[in-house]
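Order of appearance sets the numbers: ligands from 1, and atoms from 1 within every ligand. By convention here, the first residue in the shown sequence is residue 1. All values reported here derive from a predicted model rather than from experimental measurement.
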Amino acid sequence: MARVVESDSVSGGSDVLLSLDSIRESLIRQEDTIVFTLIERANFPLNSPAFEESLCLDSGNSSSLPEFFVREIETLQAKIGRYEDPEENPFFLDNIPPSVYPTHKYPPVLHPKALSVNINKRIWDTYFKEMLPLFVKPGDDGKYASTAASDLACLQAISRRIHFGKFVAEVKFRDAPQDYEPAIRAKDTEALMKLLTFEKVEEMVKKRVQKKAETFGQEVKCSSGEESERKYKVDPLLVSRIYGEWLIPLTKIVEVEYLLRRLD
Ligand SMILES: C=C(O[C@@H]1C=C(C(=O)O)C=C[C@H]1O)C(=O)O
């Protein structure tokens, strides 16, 4: 019988069993979400006026459409407790109201300083300036509202993955405090980067996301005899490149940032 993986969360259950294997399983499950959100975003062209032009949208404040949209959605999501979850990190920290809904009590898995590790500003700039122009077609179809909803899905999935580095770092630290503590005390980021890096795992991640993009993004044909050149909704090599150039390096930056605060 097929095994159904129910959740990609590692911090929600009452009995949190944190291991590098469970964290990696979660990152593998998150790949599905990321690949699907990129495929969905590729339905629309770049639509750059939406994020390049700022308008007076919000009681005198000027912002781009995605900024306005993400701010508003984050406010709403915060009110039902999204950011009580240590796996979620807002893009607009100044904007986060407390939850009005009785929220789940997340067991404290991470060091309290984890809250101060947030690289979403960098993720935002990288997404709009570097990643997006790579995997969507140039052009403007005017569907800015749907495009902004698609950008939000990509940004949240990518941000969650990258900030998962906090959990990865916590497990690696607990597994070998004797190796990490001297480097943390010496604030030796290079040594920390070396300790936490597993090149073989990274190579596997890049190969696997390429395969997922081939599988999820292929044109599906029903009748036989239609074997022609395979077409993909997003170039699978680009998905692998997005992981190799941005998602993995930024995850490792989060890991280092978290570790530097781990003994505070
Ligand atoms: C996430 C991990 O840490 C590092 C980052 C990786 C990634 O972002 O996929 C993979 C391997 C490590 O170099 C891990 O060890 O699983």
Inset, instruction - Report the relative orientation of the aromatic rings in His111 and Tyr258; use parallel for angles under 30°, tilted for 30 to 60°, perpendicular for over 60°. - result: perpendicular
Parallel, tilted or perpendicular: rings of Phe92 and Trp124 (30°, 60°)
perpendicular
- [ ] Taking atom types as modelled, find out whether Ser240 and Lys207 have a side-chain donor-acceptor pair closer than 3.5 angstrom.
- [x] no
**Asked** Hey, is NZ on Lys143 packed in by over 12 heavy atoms from elsewhere, all under 6.0 Å?
**Response** no
Cluster membership besides Ile96, Ile/Leu/Val/Met/Phe/Trp/Tyr side chains within less than 4.5 angstrom, sorted by chain and number, is Tyr83
At a 4.0 angstrom heavy-atom cut-off, ligand 1 is contacted by Arg24, Leu27, Arg161, Val168, Lys172, Leu196, Thr197, Phe198, Val201, Glu202, Val205, Ile248, Thr251, Lys252, Glu255
Item checked: Min side-chain heavy-atom separation Leu38-Ile242 under 4.5 Å -> yes
